[in-house]
Structures are given as structure tokens and as C-alpha cells.
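Basis for what follows: all heavy atoms, side chains included, without hydrogens, waters or symmetry-related copies. Note that the coordinates shown come from a computational prediction; the quantities given were computed from them, not determined experimentally. Each chain gets a letter, A, B and so on, in the order the sequences are listed, and its residues count up from 1.
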Amino acid sequence: MSENQYFDEMWGHNEALREPYRGFHTWFDEENPARLRAKQREAEEIFRLTGITFNVYGRAEAEERLIPFDIIPRIISGPEWAKLCRGIEQRVRAINAFLYDIYHKQEIVKAGRIPADMINQNEAFLPQMIGVEPPGGVYTHIVGIDLVRTGPGEFFVLEDNARTPSGVSYMLENRETMLQMFPELFSKNRVQPVQDYPTHLHTSLAKCAPAGIGRKPVVAVLTPGIYNSAYFEHAFLADQMGVELVEGNDLQIVDGRVAMRTTRGYKPIDVIYRRIDDDFIDPLNFNPESALGVPGIMDVYRAGNVTIANAPGTGIADDKAIYSYMPDIVEFYTGERPLLKNVPTWRCSEPQDLAYVLDNLADLVVKEVHGSGGYGMLIGPTASKKEIATFRKKLQARPGNYIAQPTLSLSTVPIFAKSGLTPRHVDLRPFVLVSPEGIKITPGGLTRVALKKGSLVVNSSQGGGTKDTWVLED
Amino acid sequence: MLGKTANGLFWMYRYLERAENTARMIDAGQRLGLTRLDDRDEEWASVLQSAGSLAGYREAHDTLTKDAAIDWMLRSKDNPSSVLSSIAAARHNARLVRTAITGEVWEAINAAYMSAKEVLARKVSERDLPATLRKLRHHTSLVRGMTHGTMLRNDAYDFARLGTFLERADNTARILDVKYYVLLPSARSVGSTLDNVQWENILRSVSALGGFRMEYGNASGPMEIAEFLVLDKRMPRSLAFCAAKLRDNLRYLNGGGLTLMPTLQKVDHLQRTYLSHDIHAVMDYGLHEFIQKILSILSDIAQQIEVDFRFYK
């Protein structure tokens with residue numbers, strides 16, 4: 001029996017079928033590969049027809065691309081999931097407490113657990129938010145926690161997405177597609193449903209409405225517009241929740257409230273699920289060049305007359321430099337030991353760390369503190385000598401701009417390739433909803449898969465694909 | 001509903017209607033070309049004119065040929081009213097108003113677009129033209145059918161209908177405008193084979209041939225045709241029919257309000273002043289002048305809709 005170098009979700013380390021895959025594998029074994037291949041093409045057809053595409057920036061109009069979908073699901077057992085949920089909930093609670101603290105008394109700084117500069121000099125820190133009371137006390141209404149696995153019980157948080165996590169529409173459409181193609185799989189396996197996410201999202205957002213509005217809260221999704229790479233998702237979520245999809249130019253401040261221009265005049269909005277960045281929300285208070293936002297919305301927000309989800313300024317909680325302090329943050333606010341592990345992180349702003357990173361570039365992953373989407377990073381083990389040399393110069397020029405982490409042995413899940421099942425690295429983004437009444441985690445999430453053999457980069461902008469994610473009933 | 005969304009719905013259905021109308025005009029023009037012996041290419045000038053794209057064509061071409069005219073109307077990206085451009089614009093608007101239409105309608109318009117892109121990727125040969133047009137019509141009909149079968153009868157539906165009937169009225173009026181001389185009473189005395197072909201072609205351009213025969217048999221001439229296309233309340237592409245539909249949907253949008261919004265007043269005026277007489281009165285007024293007047297009122301109504309329903313501000 002051969003030993004897998006990487007932990008495989010289906011086969012573990014030892015080529016013995018793991019329990020959660022038992023039902024699926026029995027089905028798979030009896031399937032005709034030719035039929036499955038036809039189904040894989042059918043899936044693509046469904047995606048194209050429903051228009052589940054993302055726009056590629058800087059390309060001509062025709063560039064609406066599909067994210068490749070693989071039909072082999074990532075399967076998580078009930079107990080495994082329950083354990084993850086406890087860790088995620090703890091972490092999300094700590095993130096909200098942290099945000100409240102740094103925009104109020106900054107106890108964590110006073111206690112010496114985080115350097116003051118790390119907060120106050122941080123680009124993601126919004127001074128405009130100091131002393132602001134967000135309705136319901138919630139900062140991050142929607143969170144995506146990126147997890148990776150390296151062994152049977154070894155889960156790490158790779159990143160916290162506390163600004164505007166995307167990808168939930170893929171979670172929903174992947175499941176919908178699987179249900180359409182392989183209904184029999186779902187009658188045989190007890191897979192927990194994810195399809196009620198939009199209802200929960202709507203409920204959760206409504207619960208965060210400003211107090212005392214005296215009517216059923218009006219929720220709207222704010223999008224930068226049809227050319228944004230995630231426009232499909234914005235429209236999808238608004239549609240599924242049955243709320244309006246608005247752009248900045250549909251909105252105006254009327255009588256101290258945010259209102260949308262309807263065919264019958266201006267109508268107030270209570271909760272804005274915004275999918276535009278902090279910088280663009282309000283040209284009066286932030287970037288004056290922004291044509292996407294609403295002039296004066298921050299004043300309405302500060303007066304407590306509208307809920308913005310997520311709150312402005314939450315980006316500081318998913319900043320990669322702050323990430324390295326997450327274990328301290330969790331402990332500080334919950335008084336508990338963190339249930340989910342952080343990936344060991346070297347802060348290049350600190351001289352000893354920088355020296356170590358420079359000595360070990362070929363073995364490390366180095367990321368820009370404010371980067372995302374897999375851009376601007378170095379993956380030492382797969383980089384050429386030249387790439388490493390170039391990166392070394394960038395790193396030495398602005399060390400504070402980088403952090404470094406060991407290269408993790410991400411777990412794999414097989415994909416259905418031409419040659420049959422073949423392992424590819426994956427990560428997992430569960431989606432978390434926060435309201436004053438509690439935290440709700442959808443059983444599942446977005447599994448992203450690096451389609452290139454050996455690749456550890458799962459981002460869709462870099463050739464990654466997605467899979468359906470199953471959480472089984474106990 | 002957002003003013004922007006109403007605007008998107010209005011234009012989605014205007015473009016969808018335009019795509020169908022243009023495809024139908026190409027079909028009728030093609031047939032006319034098969035039956036006539038002289039002036040084949042010049043006949044396309046009047047087809048282009050009916051489709052509102054003659055000026056654009058002249059700017060982009062030195063000579064007028066049938067092939068170039070068909071290509072211009074069918075698939076040119078430089079012609080904003082070509083079938084392909086119209087379907088693309090309808091789909092673009094559908095993406096904008098994705099939350100106001102059902103999943104079924106969205107999938108139908110998206111499929112129409114994907115199919116149009118595929119069948120119109122290359123120049124369509126004369127041999128393939130009928131099948132191509134049929135396929136396009138099939139897809140746009142699906143969008144219409146899904147709209148009818150799955151959309152709530154709410155404001156969104158009303159704006160979809162306003163776009164449809166405004167475009168349709170405009171289209172019928174333009175066809176009459178270009179061909180009015182064929183329908184003048186003086187033409188009756190001629191009654192040559194050529195006239196018969198022309199008359200039939202007008203009816204074919206608005207899918208009215210079957211309905212007309214049902215109603216009038218074949219012993220009839222230009223006056224009846226004009227009456228059918230302008231005043232008949234049962235003919236779904238006549239001016240009177242379209243105006244009645246505009247009025248119905250505007251009344252729904254007006255709710256129980258006692259004060260009528262300006263758009264509705266304008267449509268009332270159109271119906272009362274121009275579409276409730278008999279065809280002799282129209283002929284006395286002058287068919288050409290009459291149609292010109294209707295076209296200008298339609299354009300005025302379209303502008304008033306933008307204002308009344310806050311499409312832009």
C-alpha cells in the first residue's frame with residue numbers, strides 16, 4: 001500500500017477509503033465513465049445557460065467566463081463539521097469583539113497584545129469609524145473563513161474574509177447543478193441542505209436593521225454595477241432574497257435616510273448589503289473620485305439611521321499582518337484557547353523574522369499584506385531562481401508590506417479528469433452569518449480546487465475551479 | 001420598483017421586439033426579391049428604411065446590394081438595430097434587471113443570445129437564411145412565452161409590455177410610412193400583379209397575412225389593408241391594438257389614482273384623436289401625414305414614460 005504525500009479527503013494517507021466517501025464511492029464505482037463525462041459537459045451547459053459567470057477585468061465585452069466545475073464533491077462528516085463550527089464561531093465572535101474594541105477603547109492595545117502602530121497606521125483602519133455604534137453591535141454580518149487541511153484532524157485558518165466575502169453563489173449553484181444532474185446521489189446520501197442560505201441571509205440582515213424603524217426592514221444589495229467581476233453574484237443574491245439590487249446612482253439621502261429612486265418616488269432603505277469597497281462607499285467621506293457610492297451615506301450611518309453590512313472599516317480584521325495576531329485576539333476576547341489553528345506567520349516588518357524569511361525564500365510562501373486573489377505572492381518551492389531573486393528585491397525594499405508562511409501540504413480531493421480520478425489541492429470557505437441574535441454557519445461552503453497538477457493556488461483568477469461541498473448528517 | 005429597473009425592462013422588451021421585427025422584415029424582403037423581376041437591390045432600400053437603418057447603411061457602404069443589406073440588418077455590430085445587436089442589447093438589459101425577471105425568462109433570453117451569436121457568427125448564405133430566421137424567431141418566441149407564462153402581473157410586467165407595444169407600434173407605423181403610396185386609394189385602380197405582391201409584402205412584414213385573409217378573404221385592396229393595420233382592434237400589430245395595450249398597462253401602473261399621469265393622458269389623446277375614426281377619415285387627413293403624426297406622438301410618449309417613471313432621475 002503506497003503512502004500519499006498529501007492527505008486526500010477520499011483516501012486519507014493510506015489508500016483506505018475514508019468513511020464520509022463510502023456512499024459516494026459505491027455510486028461512483030457503478031457509474032459508466034462515459035456517462036459521467038457527458039454529465040460534466042452538461043454541467044458546463046447548465047452554468048452557461050444560467051449565466052453563472054465572472055467578468056474578467058480589462059477585457060472586451062464578450063469576456064464572461066465560467067469557473068470550471070468538477071463533479072466529485074468534497075465531503076465532510078457530521079462530527080468533523082461540528083468541530084469546525086465551534087472553532088469558526090469562536091473566531092467570528094472574537095473578530096467582532098476586536099472590531100468593536102479597536103474603534104472604541106482599544107483595550108487590546110493598552111494590554112500590550114498588539115502594537116498601536118499595527119492598528120492606527122494600518123491602511124485598513126478607518127478613523128471615520130471611531131466611536132461609531134453600528135446597529136445591533138455587529139461589524140461583520142457576513143464572513144468567509146478560508147480553511148485548509150493538512151491531515152486527519154489538522155485544519156488551519158488561512159485567511160479571514162471580513163470585508164465582502166464572495167463565492168456564496170457558487171456554493172448554491174454548484175449544489176443546484178449536482179441536484180439536477182445526479183438526483184439519485186442525494187436520495188442515497190444524507191447531505192445537509194445549503195439552499196436556504198438566501199433566506200437566512202435576508203433574515204440575518206433584517207435583524208441588524210436600525211432600532212425603532214417601525215416597519216418591516218427594507219434590505220437592498222449595493223453593487224458597483226454590471227461590469228464588476230462578481231456582478232452575477234450580486235444579482236443572484238438580490239434575486240434570491242427578493243430585494244432590490246441598487247447602484248450608487250439609484251440612491252440619495254432624503255430626510256436623513258438612505259432612499260432609492262423607484263418609479264413612484266424615493267423609498268427609504270434600512271439595511272444595505274454592500275458589495276463595494278470602503279473607499280468607494282461615500283465620496284464625501286472617503287474617495288472623492290468615487291462614482292459608485294452615495295454622497296453623505298456615512299453621516300446617515302453615524303446617526304444610526306441605516307445599517308451597512310459589512311460595516312465600514314472591518315477590513316482591518318482580515319488584514320494579513322493582523323492575521324498573525326489572531327490567536328492572541330481570540331484569547332483576549334473570548335478568554336478561551338483558540339479552537340482553530342493559525343498558520344505560523346513571519347512578519348517581515350520585524351527584523352529577525354525578515355532575516356529568517358530572506359534566508360528561506362525557496363521554502364516559504366510570501367504574501368502582500370493587502371493583496372488578494374492570489375496576486376503579488378511568491379510560492380517559494382515552485383518559483384524559479386529568477387523569480388525568487390526579483391521578489392527578494394521587492395521584499396527588501398518594503399519589508400513591512402509582506403508576511404511569510406511555510407508552504408502547507410494542502411489536502412487533496414480527486415477531480416474527474418480524462419485519465420480518471422486524480423488528486424488536486426483544495427481549500428474550503430464556509431460562510432457565516434452574524435446578527436444580534438447569534439451566529440449561523442451554512443453546512444457546506446465553497447471548495448476551491450487547483451486544477452493544475454501540483455498547484456497550490458486555488459483562486460479562480462489563477463485557473464482554479466470549484467466543487468460541491470457536502471456536509472453529511474450525523 | 002427602481003426607476004433604473006423599469007428602464008431596463010422597458011428596453012429589454014423594446015430590443016426583443018425590434019429583433020423580431022427586423023428578422024421579419026428581412027424575411028419579407030427576401031420573398032419580395034424572389035417574386036419581383038426588376039429593381040431587386042433597390043427594393044432593399046425601402047426595407048432598410050422601414051427598419052430605420054438606411055442612413056447607417058449608406059454611411060458604411062458605397063453601394064446597395066441585397067447581400068450587404070441582409071448582412072447589415074441581420075448581424076452587423078456597427079448597426080445598433082441589427083438582429084444580433086438587438087438581441088445582445090436585450091440580454092444586456094436582462095442582466096441589469098435580473099432581479100425583476102424570472103429565472104425562466106433570463107435563461108430564455110440568455111439562450112437566445114448564445115444561439116444568435118452562434119448562428120450569426122459568419123455571413124448567412126441565401127440558402128441558410130430561412131432556417132436561420134426561423135431559429136432566431138423560435139428563440140425570441142420562447143422569451144415571450146416564458147414572460148407570459150412565468151412573470152407576475154406586477155409593475156415589472158407592465159414595463160415589459162410598454163416596451164413591447166411601443167416598439168411594435170413604431171414598427172408598424174414605419175412600415176406604413178415607407179410604403180404608404182402603395183396603399184393610397186389611387187393605387188386601387190391599378191391593381192396590377194405588382195401591386196398585389198406589394199400589398200402582400202406589407203402584410204407579411206407584420207405577420208398579418210393570415211389574419212387579413214381570415215377577415216377579408218382575398219377580394220380586397222389597399223384600403224382594407226390600411227384599415228387592418230391602423231384601426232383593427234383585434235390585430236395584435238395594428239396601431240389601435242398597440243395603443244390600447246399601452247393604455248391598459250399604464251392604467252395598471254397608475255393604480256387607482258384619480259389624476260392621470262402625463263403619459264396616460266398622451267396615450268388617451270392618441271387613441272381618441274387618431275385611432276377612433278374610420279379609414280376614410282384617415283385617408284381624407286392624408287395617410288402619409290397621419291402616419292408622420294403617429295410616429296411623432298409615439299416618440300413623445302416614450303420620452304414621457306422616462307420622465308413619469310423616473311428612469312434616469
Atom CZ of B:R98 and atom CZ of A:F236: how far apart are they, to the nearest 0.5 Å? 8.5 Å
With a 4.5 Å heavy-atom cut-off (strictly below), which parts of residues 250-260 of chain A touch chain B? List them by number. A:D250, A:M260
Heavy-atom proximity to chain B below 4.5 Å, by part of A:V221: neither
Please indicate whether B:R251 has more than 12 foreign heavy atoms, meaning atoms of other residues, nucleotides or ligands, lying under 6.0 Å from its CZ. no
Side chain of A:R261, backbone of B:R310: donor and acceptor closer than 3.5 Å? yes
Kindly indicate whether the side chain of B:E107, heavy atoms from C-beta on, has any atom under 4.5 Å from the side chain of A:T50. yes
Nearest atoms (heavy-atom pairs only) where A:T263 meets B:D155: OG1-OD2, 4.4 Å
One should read off an interatomic distance between B:K4 NZ and A:E247 CD, to the nearest 0.5 angstrom, of 4.0 Å
Once you round to the nearest 0.5 Å, how far does NZ of A:K267 lie from CG of B:L2? 9.0 Å
A:H200: partners by ring pair (Phe, Tyr, Trp, His ring centres under 6.0 Å), with sequence neighbours left out: none
Salt bridge (charged side-chain N to carboxylate O under 4.0 Å, His left out): which pairs involve residues 82-91 of chain B, sequence neighbours left out? A:E64-B:R91
List in chain and number order the residues that pass ring pair (Phe, Tyr, Trp, His ring centres under 6.0 Å) with B:Y312, two or more places apart in sequence or in another chain; answer none if no residue qualifies. none
